[in-house]
2 protein chains.
Amino acid sequence: MTNQESLDETDIKILKLLQQNSHMTVKELAARVHLSTSPTFERQKRLEREGYIKRYTAVVDHHKMGHNVIVLCNIRLKQHTHDLIQQFMDTVQSIDRITECYNTTGDYDFQIKVYAHDMKDYQDFMLNTLGNIDCIGSLHSIIVIGEIKDSHYIPVSKKR
Amino acid sequence: MTNQESLDETDIKILKLLQQNSHMTVKELAARVHLSTSPTFERQKRLEREGYIKRYTAVVDHHKMGHNVIVLCNIRLKQHTHDLIQQFMDTVQSIDRITECYNTTGDYDFQIKVYAHDMKDYQDFMLNTLGNIDCIGSLHSIIVIGEIKDSHYIPVSKKR
DNA sequence: AGTGAAACAAATTCTCT
DNA sequence: AGAGAATTTGTTTCACT
């Protein structure tokens, strides 16, 4: 359900600020939206309750964790039967280093984002992990040379 | 600097739990890693201080915000001069609905992820926003039919 | 819906082991 | 390094506007 119509400018501001820093105290948040703590607190809880805020997370540095390679891998399935598609999607969910997966238009069926320690590690992943998913027909790996932007920030301005 | 060698199993566990839910109290976190609050607190602060945790964020539901269309857009630049590349990257940073941008290998130079309210909105974005960035040579838009996975979760298991 | 204070819980610091 | 108590700070509720 899309009902951002029920959000006012203050709610929008709160979503903006909490995306930038969810460790901000209610007091500080209140100051930034020019309200006192209780209505600010109540608004935040409402945004959580109604699902605008799905959860809170720590943003971890992948370089620090030794993941220096990101690959955008385009995948075509062998056949497009319901069972094969479901099997592929289930497998994707279970593999930690696949952090994103989209069903796409165009020449391929899916695009996944894969984190690897280095090229050797990605090669191992392709051969041993992807290579064992037998519903996969063909692959095309696009290597990320540089991360320009990875904002984790959903735009929240009002629809016009 | 990649020194996840300095992390022990408890640190790894903390990173895992805080990615799943950064609103967990230190007390609860402590219970899950079988330590008392003070060393758990000190470990969390250390992970922040040393940059393993970059920041904390609220994960916002894009559907709730009226963004029902995601597009992976591949971009080729007209020329590959330093200035033109810099200009493109600066522009990308300034546009909120472009949430990710990667410099890539292959036929195109960049892939961006774009959020739009609907197809009409994406068309407007292509014509008016991308259309005005004159360093862009050509475009290829891949429409996302379905989101299978968007975990925002950096794999944190120990390198072997 | 908002304010301000009161009650409660969590974060942070400190001392000891 | 880690435990546990003491202190400080933030969260949550409530009575009032």
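Note that the coordinates shown come from a computational prediction; the quantities given were computed from them, not determined experimentally. The figures here come from the full heavy-atom set of this structure, side chains too, leaving out hydrogens, waters and symmetry mates. Letters A, B, ... mirror the listed sequences (proteins, then strands); counts begin at 1.
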| Rounded interatomic separation in angstrom, taking NE2 from H23(A) and C1' from dT11(D) | 14 Å
| For atom CG of L35(A) and atom C1' of dT3(C), their distance in whole Å | 10 Å
| query | Can you tell which of dT3(C), dT12(C), dT12(D) lies closest to the side chain of F41(B)? | reply | dT12(C)
| query | Which whole-number value in Å describes the distance from Q44(B) CD to dA11(C) P? | reply | 8 Å
| query | Counting only heavy atoms not in K149(A), do more than 12 sit closer than 6.0 Å to its NZ atom? | reply | yes
| said: On the nucleotide dG2(D), are OP1 or OP2 found under 4.0 Å from the side-chain N or O atoms that R43(B) carries? | reply: yes
| message | For the aromatic rings, using the six-membered ring if either is Trp, is the centroid distance between F110(A) and Y102(A) under 6.0 Å? | response | no
| field | Residue S38(B), side-chain heavy atoms: nucleotide from dT11(D), dG4(C), dC14(C) that is nearest | value | dC14(C)
| field | Distance, rounded to the nearest Å, where D11(B) contributes CG and dA1(D) contributes P | value | 11 Å
| task | Could you check which of dA1(D), dT13(D), dA10(C) has an atom nearest any side-chain atom of K27(B)? | result | dA10(C)
| task | In whole angstrom, give the distance that lies between atom OH of Y56(A) and atom C1' of dT11(D). | result | 13 Å
| query | Between E147(A) and H62(A), does any side-chain donor sit less than 3.5 Å from a side-chain acceptor? | reply | yes
| field | Distance, rounded to the nearest Å, where K45(B) contributes NZ and dA11(C) contributes P | value | 9 Å
| query | Where the side chain of P39(A) is concerned, which of dT3(C), dT12(C), dG10(D) is the nearest nucleotide? | reply | dT3(C)
| said: Using whole Å, what does the distance between atom C1' of nucleotide dA9(C) and atom CE of M24(B) come to? | reply: 17 Å
| request: Report the residue from V26(B), L29(B), D11(B) that forms a side-chain contact (heavy atoms from CB on, under 4.5 Å) with R43(B). | output: D11(B)
| field | Per V26(A) side chain, nearest of listed nucleotides dT11(D), dA10(C), dT3(C) | value | dT11(D)
| query | Taking CZ from R49(B) and P from dT12(C), how many angstroms apart are they, rounded to a whole number? | reply | 12 Å
| field | Inter-residue atom distance D83(A).CG - D90(A).CG, 0.5 Å rounding | value | 10.5 Å
